[in-house]
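Contents: one structure, followed by commentary.
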2 protein chains.
Amino acid sequence: MDMQSLSGKPDGRLPRYQQLRDDLVRRIAEGEWSPEKAIATEAELSQFYNVSTGTLRKAIDLLVADGVLTRTQGKGTFVRRPRFDSSLFRFFRFKSVDGKPVRPTAKVLRREVVKPNETIRSTLQMKATEKTLHLSRVRMIEGEAVLSEEIWLPRSRFEGLATLPLGDFEDLLYPLYERLCRQIVASATEILNVEKATEADAALLRIEVGSPVILVQRVASDFAGTPIEWRTTRGAAEAFQYQVDIR
Amino acid sequence: MDMQSLSGKPDGRLPRYQQLRDDLVRRIAEGEWSPEKAIATEAELSQFYNVSTGTLRKAIDLLVADGVLTRTQGKGTFVRRPRFDSSLFRFFRFKSVDGKPVRPTAKVLRREVVKPNETIRSTLQMKATEKTLHLSRVRMIEGEAVLSEEIWLPRSRFEGLATLPLGDFEDLLYPLYERLCRQIVASATEILNVEKATEADAALLRIEVGSPVILVQRVASDFAGTPIEWRTTRGAAEAFQYQVDIR
DNA sequence: AAGTGGTCTAGACCACTAT
DNA sequence: TAGTGGTCTAGACCACTTG
């Protein structure tokens, strides 16, 4: 197979390893390889694309650096599920009574089908007529509310969640998206702001009105880069500490 | 030259490209190549280390990914000065009256030689008897204070700053460190917390007592990885917005 | 033992920069 | 035109995993 024929646009001027990467991403986005599944071997791929192993490995190196693939010697190369290691939520330092870090549980308080506001509609690249599934959720440590979340999903992709009894929602939503709606979150962008607690925030999170609150807005996308979830989360800033390394 | 003889510990079991990277870092840390200066060419280095160009390039690729080097086709490979692109300060959205983003000016309010507290002393890896140079600084936009900074430096490395008239301090300190003290900042770590404004914060930043304040604590290090500066910065959280990408 | 990715070679030719 | 990094080849051998 010739490289020129791989993509819609020839991109003949791009290096072959970049064309290779783009085509591998396309095949992942189209579902040819699924998360946790091995993709074709180096030998197969280099033969298929008619490039040397060095060139093929350079393409795969890029995808590994991007977090799309992982390689394990002796086993194979795998499509990687994002682990949200860099999510801002990791920097809420929740501790239980005994001081050990714990993962909050979750409870869905409300679900409704609504017309999204213009910000959400355009971010999710939805048509003007399409509606969203809106979830209100609270996350708790030992019964105490620590985070309040609002989630908007394009209705058409998430029919499977429209009828699920609220009690059947699990602590983690993304496995649910995958199982019931075949929507796989492959990446996300988060934006952090600091606000003053409103009365509603204060009542839920048991903090003072006006005290600092962290607001995280997240847009999550699938492997094709299409946004599929908009989410806002609020929590007491007191529990928050973030670290960054500079080079 | 044989690879085994390059480092104190043979590290014979590490791949050659990692040994190569370590030795290149050592040569940079020892000042053989300076920021903005080209290092030896690929041909010279691969001959010197007796490895193929592919292996040498893999070592250099690692350093480029780490932000230590940059390569420019046709020109050479250069030691990179950190540009603090990922610094949390970039996420204070200061705007002047006309709305354009601006870089704050700086004024040193106080300089003193003090015994550091235990946290600072151990972070800067200083002996129990050694003292620090402590600077109090305010950063301003159009005359209005927007950030307040406290800086601690190991006295022995920064003698050159001890006698400089306060008015001669420039807006950017790191070029000053380099010129007057031959201390080059090669990397840094920053930690973000949110606090409530104290009365001192409130008076300086012209915000309400108790309103949210961003606290950034930075430890800056040289190419050898030795910490050379401890800094805390406070600013109104209102002006702060941070973004992170997840894969 | 067979198959996978990990490391490494010894070059070639191309694109870009400086002189 | 000479010198630099950028791309790419066509393999080899090694280390690890699995049957």
Side-chain angles (χ1 to χ4, degrees), chain A residues 1-4 6-7 10-24 27-28 33 35-80, chain B residues 1-4 6-7 10-24 27-28 33 35-80:
Chain A
M1 185 172 211
D2 186 64
M3 282 309 299
Q4 303 304 327
L6 286 176
S7 52
D11 279 339
R13 278 158 297 182
L14 281 182
R16 291 167 90 106
Y17 69 85
Q18 285 188 30
Q19 301 180 41
L20 268 184
R21 179 197 54 184
D22 292 347
D23 196 62
L24 291 171
R27 291 171 75 173
I28 293 167
W33 300 301
E36 324 289 283
K37 294 287 184 59
I39 70 171
T41 67
E42 293 188 348
E44 286 167 358
L45 288 171
S46 60
Q47 195 176 5
F48 175 76
Y49 287 114
N50 194 29
V51 297
S52 74
T53 61
T55 302
L56 176 76
R57 286 185 66 85
K58 181 145 186 175
I60 290 182
D61 282 345
L62 290 177
L63 293 172
V64 170
D66 278 354
V68 177
L69 297 176
T70 54
R71 288 182 294 202
T72 313
Q73 188 175 29
K75 294 179 74 173
T77 301
F78 300 82
V79 178
R80 180 177 168 277
Chain B
M1 186 173 210
D2 185 66
M3 283 307 299
Q4 303 304 326
L6 286 177
S7 51
D11 278 342
R13 278 157 297 182
L14 282 181
R16 291 167 91 107
Y17 69 86
Q18 284 188 29
Q19 300 179 42
L20 270 183
R21 177 195 56 183
D22 292 346
D23 197 61
L24 292 170
R27 291 171 76 173
I28 294 166
W33 299 303
E36 324 288 285
K37 295 287 186 55
I39 69 172
T41 67
E42 293 188 347
E44 286 165 357
L45 288 172
S46 60
Q47 194 175 5
F48 175 75
Y49 288 114
N50 192 31
V51 296
S52 73
T53 62
T55 303
L56 176 77
R57 286 185 66 88
K58 181 144 186 174
I60 290 181
D61 282 344
L62 289 177
L63 293 172
V64 170
D66 277 355
V68 176
L69 297 176
T70 54
R71 289 181 293 201
T72 313
Q73 189 176 31
K75 295 179 73 173
T77 301
F78 300 82
V79 179
R80 179 176 170 279

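Proteins come first, then strands; the chains are lettered A, B, ... in the order of their sequence lines, and each starts at number 1.
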Length of the line joining B/F78:CZ and C/dC16:C1', which is rounded to integer Å: 13 Å
Those residues at least two apart in sequence (or on a different chain) that pass side-chain contact (heavy atoms from CB on, under 4.5 Å) with A/Q73 are none
I want to check something: taking the side chain as every heavy atom from C-beta on, are B/L45 and B/I39 in contact at a cut-off of under 4.5 Å? yes
Using heavy atoms and a sub-4.0 Å distance, could you list which residues of residues 63-73 of chain B are near DNA chain D? By number, please. B/R71, B/T72, B/Q73
Residues forming a side-chain contact (heavy atoms from CB on, under 4.5 Å) with B/K75, sequence neighbours excluded: B/T72, B/F78
Just checking A/T77: base, sugar-phosphate only, or nothing, at a heavy-atom cut-off of under 4.0 Å? sugar-phosphate
Heavy atoms of chain B, cut-off under 4.0 Å: which first and last nucleotide of DNA chain D, 5' to 3', fall inside that, if you could look? D/dG3 to D/dT7
Can you name the salt bridge (Lys or Arg N to Asp or Glu O under 4.0 Å) partners of A/R57, sequence neighbours left out? A/E42
Do you know which two heavy atoms are closest between A/Y17 and A/T55, and how far apart they sit? CB-O, 3.8 Å
Pick the nucleotide of DNA chain D nearest each of B/A40 and A/L56; which residue has the one closer to the 5' end? B/A40
Can you list the residues that meet the side-chain contact (heavy atoms from CB on, under 4.5 Å) rule with B/T41, with sequence neighbours excluded? B/A43, B/E44
Does some side-chain heavy atom of B/L69 sit less than 4.5 Å from a side-chain heavy atom of B/I28? yes
Result for 5'-nearest mapping on DNA chain D, choosing between A/G74 and B/T53, is B/T53
For residues 58-66 of chain A, run the donor-acceptor check on the side chains, cut-off 3.5 Å, and write out each pair with its distance to 0.1 Å, sequence neighbours left out.
from: A/D61; atom 1: OD1; to: A/R71; atom 2: NH1; distance (Å): 3.0
from: A/D61; atom 1: OD1; to: A/R71; atom 2: NH2; distance (Å): 2.5

